[in-house]
Asks: 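First the structure, then my questions, so here it is.
Sequential numbering from 1 along the given sequence is applied to the chain's residues. Worth knowing before you read on, the calculation uses all heavy atoms, side chains too, and leaves out hydrogens, waters and symmetry mates. We count ligands from 1, going down the list as the structure has it; atoms in each ligand are counted the same way.
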Amino acid sequence: MTQLILGLETSCDETAAAVITGDGEVCSNIISSQAELHARYGGVVPEVASRRHLELVEPVVAEALSQAGVELADVDTVAVTQGPGLVGALLVGLSYAKGLCWASGKYLVPVDHLDGHVASLFLGEVQVEPPFLCLLASGGHTLLALVPERGGFEMIGGTLDDAAGEAFDKGARLLGLGYPGGPALDRLAQEGDPTAYSFPVARVDGLDFSFSGVKTALLYAVRDLGDVALESARADLAASYQAAIVSALLQRLEQAVDQTGMENVAVVGGVAAHRALRAGLERLGARVAPLSLCTDNGAMIASAARYAPNVASAGHLAVDAYPSR
Ligand code: KG4
Ligand code: ZN
């Protein structure tokens, strides 16, 4: 009988659980987004997120097992995000996973969320084989990494300030698009002219990123226009702002390809769901995980667990969550 792994992800505002097989077949992948709950606050409220994870974790896991057509008893290993993320939110998933393992004697595999994003490339039909160069762009992180083998990566560039997804979300907010902003900004940008405004992205040394300058440039543009003029300029602003961030990501990726000589390139993380970025990545020949595996999900956590050490019961009770890497 093939090995079954239950993966649990609660690091931010998605309560997610999935069942995968040892060879990377996704049997179920349930994602319950709390986005609507946080929308009224304009962003994720950590305490609200933790409480919602508490309500959702049990039904989401039950649904993942049910859709996979298995019982908890059939599962061999429980994988859970240990960090980085919101500590209160992480603790809900981690405590739940510990409880499951404690009650059933199963092995627990604590997984790093970023290893999880990279491991989204080792699932399903299109599995990307290391070594490859990986751009990880999400709401919380933006980094370039060399992936020499499954189960680890070496960071060769990171962001000095905001993550790319954060820049999209904050830009969207400046344009009155609410939370979550990335997808809404992407939609509005389709109606605008990307050359209408010139938003410079800071050039920093090496393979690092910086997005705080472009965000401030948008803030000034919005302020200078005033409410009336802003209304008719919103689509152009969205398109120009988005184009600046997308071209910064693509330029850095191309530079990394030149510097490392690595032509096998893949992109993971929620920002990879971005239509404009995906189009540019296709031109570069980069591999992109399917949409359902780009944003936070349990399948990627279960996938990473295949290459991470497990902790036997009851040693797992000592495993703690961590907010940053
Ligand atoms: O990987 P992710 O789900 O969460 C983190 O680990 O942070 O990434 C979330 C980010 C958001 O900031 C959002 O801007 C972007 O991914 N995003 C999208 C879409 N879905 C998520 N951007 C454009 N289009 C989407 N459909
Ligand atoms: Zn993520």
Side-chain angles (χ1 to χ4, degrees), residues 7-16 18 29 31-36 38-39 42-44 46 49 53 80-86 89-90 93 111-121 134-143 145 153 158-159 161-175 177-190 209 211 214-215 218 238-239 241-243 245-246 248-249 266-281 288-304 323-325:
L8 210 58
E9 154 63 37
T10 64
S11 69
C12 191
D13 64 339
E14 263 100 27
T15 316
N29 191 21
I31 304 168
S32 174
S33 171
Q34 306 179 5
E36 268 179 40
H38 298 281
V44 179
H53 282 307
V80 64
T81 310
Q82 187 184 7
L86 303 170
L90 287 163
V111 169
D112 183 275
H113 184 80
L114 304 184
D115 285 335
H117 274 299
V118 174
S120 67
L121 297 164
C134 186
L135 169 67
L136 190 167
S138 71
H141 301 89
T142 297
L143 58 93
F153 64 81
T159 178
D161 37 60
D162 290 346
E166 195 180 357
F168 280 128
D169 293 343
K170 285 178 176 170
R173 195 166 164 178
L174 286 171
L175 294 172
L177 293 173
Y179 176 86
L185 187 83
D186 202 15
R187 276 193 298 277
L188 179 63
Q190 288 182 56
F209 300 89
F211 296 109
V214 67
K215 186 184 65 190
L218 176 65
Y241 180 72
Q242 171 163 300
I245 297 173
V246 166
L249 289 169
V267 183
V268 296
V271 173
H274 223 270
R275 184 195 49 87
L277 181 63
R278 281 182 98 88
L281 291 171
V288 188
L291 282 181
S292 60
L293 298 174
C294 282
T295 48
D296 290 347
N297 64 84
M300 68 183 200
I301 301 305
S303 177
S324 55
R325 235 171 120 98

Asks: Regarding H117, does it place an N, O or S atom less than 2.8 Å from the Zn ion (ligand 2)?
Replies: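 Yes - counting backbone and side chain alike, H117 has an N, O or S atom under 2.8 Å.
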Asks: Has C12 got an N, O or S atom lying less than 2.8 Å from the Zn ion (ligand 2)?
Replies: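 False for C12.
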Asks: What part of H117, side chain from CB on, backbone N/CA/C/O, both or neither, has a heavy atom under 4.0 Å from ligand 1?
Replies: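 Under 4.0 Å from ligand 1, H117 contributes side-chain atoms alone.
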Asks: Can you list the ligand 1 atoms lying under 4.0 Å from a non-hydrogen atom of T295?
Replies: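 Near T295, meaning under 4.0 Å from one of its heavy atoms, ligand 1 has 3 (O), 20 (N), 21 (C).
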Asks: I'd like to know whether CZ of R278 has more than 12 heavy-atom contacts from other residues, nucleotides or ligands below 6.0 angstrom.
Replies: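 Count over threshold, so yes.
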Asks: Under 3.5 Å, N or O to N or O, is F168 touching ligand 1 that way?
Replies: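 No: no nitrogen or oxygen of F168 is under 3.5 Å from one in ligand 1.
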Asks: Could you find the nearest protein heavy atom to atom 3 (O) of ligand 1 and give me its residue, atom name and distance?
Replies: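 Checked against all protein heavy atoms, atom 3 (O) of ligand 1 sits closest to D296 N, 3.1 Å.
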Asks: Could you grab the distance from atom CD of E9 to atom NE2 of H113, nearest 0.5 Å is fine?
Replies: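 Rounded to the nearest 0.5 Å, the CD-NE2 separation comes out at 5.0 Å.
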Asks: Nearest to atom 22 (N) of ligand 1, what protein heavy atom do you find, and at what distance?
Replies: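 The answer is H274 CD2, 3.3 Å.
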Asks: Check this for me - ligand 1, G139, N or O atoms closer than 3.5 angstrom, yes or no?
Replies: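 Min N/O separation from ligand 1 is below 3.5 Å for G139.
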Asks: With carbon and hydrogen excluded and only N/O/S kept, which atom of D296 is nearest the Zn ion (ligand 2)?
Replies: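 Of all N, O or S atoms belonging to D296, OD1 is the one nearest the Zn ion (ligand 2).
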Asks: For residues S32 and Q34, is any side-chain donor paired with an opposing acceptor at under 3.5 Å?
Replies: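 No pair is found: no donor N or O on one side chain lies under 3.5 Å from an acceptor on the other.
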Asks: I need the single residue from R325, Q82, H117 that forms a side chain to side chain donor-acceptor pair (under 3.5 Å) with D112. Which is it?
Replies: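 Filter result, single survivor: R325.
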Asks: Could you check whether D186 and Q242, counting side-chain N and O atoms only, form a donor-acceptor pair closer than 3.5 Å?
Replies: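 Yes - a donor-acceptor pair under 3.5 Å links their side chains.
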Asks: Distance check, rounded to the nearest 0.5 Å: N297 atom CG versus E14 atom CD?
Replies: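 Rounded to the nearest 0.5 Å, the CG-CD separation comes out at 9.0 Å.
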Asks: Taking the six-membered ring for Trp, are Y179 and H38 parallel (under 30°), tilted (30 to 60°) or perpendicular (over 60°)?
Replies: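 Geometry flag for H38 against Y179: perpendicular rings.
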Asks: With a 3.5 Å distance limit and no angle check, can you tell me whether T81 reaches the backbone of G83 through a side-chain donor-acceptor pair?
Replies: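 No, the answer is negative, given that no donor and acceptor are paired below the 3.5 Å cut-off.
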Asks: Applying a 4.0 Å heavy-atom criterion (strictly less than), which segment of D169 is in contact with ligand 1: side chain, backbone, both, or neither?
Replies: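 Side chain only; the backbone of D169 stays clear of ligand 1.
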Asks: Within a distance under 4.0 Å of any heavy atom of G182, pick out the atoms of ligand 1 and give their elements.
Replies: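 Answer, ordered by atom number: 14 (O), 22 (N), 23 (C).
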Asks: If we check side chain to side chain contact (heavy atoms under 4.5 Å, CB included) with F209, which of these qualifies: D162, L143, T142?
Replies: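 For F209, the side chain to side chain contact (heavy atoms under 4.5 Å, CB included) test succeeds with only one of D162, L143, T142, which is T142.
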Asks: If you have a sec, work out which protein heavy atom is nearest atom 17 (N) of ligand 1 and how many Å separate them, to one decimal?
Replies: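 For this ligand atom, the closest protein heavy atom is G270 O, 3.4 Å.
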Asks: Rounded to the nearest 0.5 Å, how far apart are CG of L218 and CZ of R173?
Replies: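 Those atoms lie 13.0 Å apart.
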Asks: Any nitrogen or oxygen of H113, main chain or side chain, under 3.5 Å from a nitrogen or oxygen of ligand 1?
Replies: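 Among all N and O atoms of H113, at least one is under 3.5 Å from an N or O of ligand 1.
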Asks: Identify the closest protein heavy atom to atom 19 (C) of ligand 1: which residue and atom is it, and at what distance?
Replies: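 Minimum-distance protein heavy atom for atom 19 (C) of ligand 1 reads P183 CG, 3.5 Å.
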Asks: Numbering the atoms of ligand 1 from 1, which are under 4.0 Å from a heavy atom of G165?
Replies: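 Close to G165: 12 (O), 14 (O).
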